[in-house]
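Numbering starts at 1 and runs along the sequence shown.
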Amino acid sequence: MPAKKFDLIVFGASSFVGEILTRYLAETYGLDGELSWAIAGRSERKLQKVRGTLAPILGDKAKDVEYLIADAADEDALKELTAKTKVIVSTVGPYALYGEPLVKVCAENGTDYCDLTGEAQWIKRMLEKYEAKAQESGARIVHCCGFDSVPSDMGVYFLQQQAEQEFGAMAPRIKMRVKAAKGGMSGGTVASIINLTKEAVANPGLRKELANPFSICPPGTGFTARQPNVTSSVMDKDFKSWATPFIMAAINTRVVHRTNALREKAYGEEFVYDEAMLTGKGFKGRMMAMAVVGGLGAFMVGAVMKPTRWLLESYVLPKPGEGPSPKEQENGFYDIRFKGFLKDGRTIVTKVTGDRDPGYGSTAKVLGQAATSLALDFHTGTRKKGKKGGFWTPASIFDDRYIQRLRDHAGVEFEVVEK
């Protein structure tokens, strides 16, 4: 295998998350450190602008940051791009609209790839089309390496590791609850949600697929355990709090079940997992839960109907390229709790916390460390090591090395609360 010029390339570096990720790499690794990296996208002008923003971090070396031009739809340009790097990390979404050509090229030529998609319907299409090619070429494709779904997927992995160490068995039932979070929404996320809504409205088969908790598990896995799904305000006795639906649960739960399948059903063939958001105790908690449910319902109804969807896109919701300010990102955070139930009645509680807003400040760091782990922990010189080619989830390919990277470089903590 010929030597690659870069360890990783950020594709879509001028996107909202791409810019945050690029700054993060510059701050964490500099330009002459252990990680060699470059940026890429379709607009030379925008890439030069991104490079210019790195001067306060890199000084005069900012002008040495290499940028490469490639359009998301140009397979020939993408082939040239991926030939230069061990890993490509993509922030170009909505992925259902723009992501397929890069996944196709990586799967065909053996380049490792990660992204931050939360679009389950697109992931399933990519699996059906390109998993066999990735297995043949050795490309390791890792979707969902942002807030959806690293805290959930690695959080379950961490709890199960702790349960096995403490009790000699893993938990066949886990509840994940968002205890607290603060952060804004970007236009890219909005665009992905709107696009999924449009697809689901037009395709009854997709609506049925989206209702299947095992939709992205490998064929023939055989999982049939009925999965809980919080769809309204409920009192959660295990957490002594009112709870509401969590908007990311639709993708996170599917990723966790795929992890279980890829880890040879390590969590059990009847593993049960669900997610929700806590709103507090008593009357205040109940009122908050009802308000959240009402707000989510109004948003989804508005997104389904063309006239209100147009109004939301035009005047209410952030547009692609827009999102929380640097101050809002820095002041954001999240605190996620996991409770595992063993067959003999014993329980274990763990938590995952992040020091930036979930969707962007923390996501950029989590995604950056996923790409870095692929580049540095899974390659030796020109040779790949570790997992074979194929489509992986974060917790089916990464391990304690990634958790340590998140602790050391991404402000994400994994802790045992109660056992």
Would you call [X] and [Y] a salt bridge, taking side-chain N to carboxylate O under 4.0 Å as the test?
X	Y	result
R258	E131	yes
K182	E328	no
K124	E128	yes
D236	K281	no

task: Identify whether NZ of Lys or CZ of Arg in R356 sits under 6.0 Å from the centre of the six-membered ring of F147 and within 45° of that ring's axis.
output: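 Negative - R356 is either too far from the ring of F147 or too far off its axis.
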- request: Name all pairs fulfilling the ring pair (Phe, Tyr, Trp, His ring centres under 6.0 Å) condition that reach into residues 18-65, sequence neighbours left out, sorted by first residue then second.
  value: none
- request: Just do the ring-ring contact (aromatic ring centres under 6.0 Å, His included) check on Y130 and F391 with the steps written out, would you?
  value: CA-CA 9 Å; Y130 304 116; F391 280 65; 7.5 Å; no
Say whether, by atom type as modelled, one donor and one acceptor occur between the side chain of [X] and the main chain of [Y] under 3.5 angstrom.
X	Y	answer
T28	L25	no
S396	T393	yes
Q227	Y273	yes
T372	G368	yes
D274	N229	no
K84	L81	no
K86	L8	no
Q160	A171	yes
K49	E44	no
S362	P358	no

task: Could you walk me through whether D400 and R405 pass the salt bridge (Lys or Arg N to Asp or Glu O under 4.0 Å) test, one step at a time?
output: CA-CA 9 Å; D400 293 342; R405 286 185 177 279; over 6 Å; no
task: Let me see the working for W122 and H143 under ring-ring contact (aromatic ring centres under 6.0 Å, His included), right down to the final yes or no.
output: CA-CA 10 Å; W122 178 71; H143 297 302; 5.1 Å; yes
- request: Evaluate the side-chain hydrogen bond (donor to acceptor under 3.5 Å, both in side chains) criterion for residues T111 and N109: first the C-alpha distance (whole Å), next the side-chain angles of each, then the deciding distance (0.1 Å), finally the verdict.
  value: CA-CA 6 Å; T111 302; N109 69 13; 2.9 Å; yes
- request: Assess whether salt bridge (Lys or Arg N to Asp or Glu O under 4.0 Å) is satisfied between R177 and D238, documenting all intermediate values.
  value: CA-CA 10 Å; R177 297 294 182 262; D238 293 306; over 6 Å; no
Residues, nucleotides or ligands: over 12 heavy atoms within 6.0 Å of [X] [atom1]:
X	atom1	answer
E264	CD	no
K385	NZ	yes
F341	CZ	yes
R42	CZ	no
K46	NZ	no
K388	NZ	no

message: Tell me every residue that passes salt bridge (charged side-chain N to carboxylate O under 4.0 Å, His left out) with K129, counting only those two or more places apart in sequence or in another chain.
response: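 Salt bridge (charged side-chain N to carboxylate O under 4.0 Å, His left out) list for K129, sorted by chain: E100.
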field: 4.5 Å side-chain heavy-atom contact, R337 and L278
entry: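 The answer is no, as the side chains (C-beta and beyond) never meet within the 4.5 Å cut-off.
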field: Note, I39 side chain near E66 side chain (heavy atom, < 4.5 Å)
entry: no
Please report the closest heavy-atom contact between [X] and [Y], naming both atoms and the distance.
X	Y	answer
A289	W242	CB-CB, 4.2 Å
T22	V10	OG1-CG1, 4.1 Å
I141	C106	CD1-CB, 4.1 Å

field: Test log, rule salt bridge (Lys or Arg N to Asp or Glu O under 4.0 Å), inputs R346 and E166
entry: CA-CA 11 Å; R346 288 180 292 182; E166 181 70 19; over 6 Å; no
